[in-house]
K.L.:
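Got a structure here, written out as structure tokens. Questions coming.
Atoms within each ligand, like the ligands themselves, are counted from 1 in listed order. The figures here come from the full heavy-atom set of this structure, side chains too, leaving out hydrogens, waters and symmetry mates. From a predicted model like this one, the values you see are computed outputs, not experimental measurements.
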Amino acid sequence: MNVLINRFRNPLFITFFVSLFSVSGVLKAQDSTSPIKIPLKNWSSQLVMAHVIGGMFESMGNNVEYVPVDNQASFEAVRNGDITLVHEVWQSTMQNAYYNAMEKGGLIDAGTHDAVTLEEMGVPNWVIEKNLCPGLPNWEALKDCHEVFATADSGGKGRWLEGPQNWHGDVMPNRVKGLGLADNWVVKFAGGADALWTELKAAEKEGRGTIIFNWSPNFTDASGFTFIEFPPYYDGCRIADGGSLETTGCGSPPGWLKKGANYKFPKTHPKAYAAFTRLTFSTPQIGSMAALVDVEGMSHEDAAVKWLADNEDVWKPWTVSVLGAGN
Ligand code: TMO
């Protein structure tokens with residue numbers, strides 16, 4: 001015992017142990033210089049967050065590459081390593097693709113953001129304040145006020161402006177049928193997210209009703225937007241999940257916002273991976289990323305640079321290794 005204690009007091013003996021750890025890589029695991037591949041999709045918060053995460057990795061000395069991807073195909077792309085990670089997995093529209101890729105192998109769960117998500121049809125608050133469709137946000141109000149939402153291209157019916165069709169396929173056309181609204185309502189697909197925001201501005205200027213697909217977190221959380229309350233979602237109600245016309249009138253479920261990664265990421269880039277798992281954004285943080293682009297008019301890249309500069313206290317702690325300074 002005495003011998004052991006004396007040995008621990010001997011600086012040479014301690015040095016010996018420290019260098020053993022270093023050689024084995026326990027204290028000095030370095031990230032690969034190969035680029036971390038970050039996906040670019042087609043909505044603002046995802047794009048700004050891609051550059052926020054890329055900027056965080058670059059601040060740690062990592063190389064990054066941005067890869068434009070189709071949303072639904074991105075989960076297979078993480079699985080086979082074409083991209084390293086996904087940072088905005090919205091439960092209500094992406095969990096099936098996410099869990100399918102996990103089940104096939106290659107995609108791992110990298111944690112959950114603080115934000116709770118919703119992807120749903122809704123109206124800007126002034127539609128309710130002006131009482132353009134009495135009874136909103138209860139969906140049953142839509143039975144009696146389709147004229148208020150008619151547009152030049154809707155043939156006298158009320159128009160539901162859905163996002164691009166590659167976001168949710170036929171979920172909304174099926175819902176309109178399932179709710180028994182198809183005689184008086186028609187779903188139109190927007191060409192891109194920008195078309196939704198252009199429509200919000202145009203409708204407000206013209207003082208007419210509008211109903212669009214939208215989501216939270218988004219910049220509209222701050223500007224005033226109300227989601228319509230549909231019959232509650234349950235697993236299997238949608239036609240794509242085994243439901244029928246009788247059940248597909250269900251609304252969207254509130255859900256989580258997850259991150260995922262290729263299973264090799266923790267091994268090739270242990271520090272970046274650790275930072276990525278710690279990273280978590282709240283509803284106002286994600287809303288502010290979108291607002292820099294959709295309200296302030298910045299590019300996604302510039303918005304990310306500004307967001308990183310304004311929020312160092314938020315993200316810098318994620319980059320500091322639990323093993324201490326210098327690691
Ligand atoms: C995937 N999105 C957040 C645009 O609904």
K.L.:
Does E103 pair with R79 as a salt bridge, N-O distance under 4.0 Å?
P.N.:
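Judged by the 4.0 Å cut-off on N to carboxylate O distance, E103 and R79 do not form a salt bridge.
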K.L.:
Give the atom numbers and elements of ligand 1 that come within less than 4.0 Å of a heavy atom of F213.
P.N.:
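Near F213, the atoms of ligand 1 are 5 (O).
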K.L.:
Within 45 degrees of the axis of the six-membered ring of F57 and under 6.0 Å from its centre: does K37 put its NZ or CZ there?
P.N.:
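Ring-cation test returns no.
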K.L.:
I need the nearest protein heavy-atom contact for atom 2 (N) of ligand 1: residue, atom name and distance, please.
P.N.:
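Of the protein heavy atoms, E119 OE2, 3.3 Å lies nearest.
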K.L.:
What protein heavy atom sits nearest atom 3 (C) of ligand 1, and how far away is it?
P.N.:
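Nearest neighbour among protein heavy atoms for atom 3 (C) of ligand 1, to 0.1 Å: W90 CE2, 3.4 Å.
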K.L.:
Please determine whether any non-hydrogen atom of M94 lies less than 4.0 Å from an atom of ligand 1.
P.N.:
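Yes, that is the case, since the closest heavy atom of the residue is under 4.0 Å from the ligand.
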K.L.:
Do K201 and E204 meet the salt-bridge criterion of a basic N to acidic O distance under 4.0 Å?
P.N.:
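Salt bridge absent between E204 and K201.
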K.L.:
Does NZ or CZ of K259 fall inside the cone over F276's six-membered ring, less than 6.0 Å from its centre and within 45° of the axis?
P.N.:
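Judged by the rule, K259 and F276 form a cation-pi pair.
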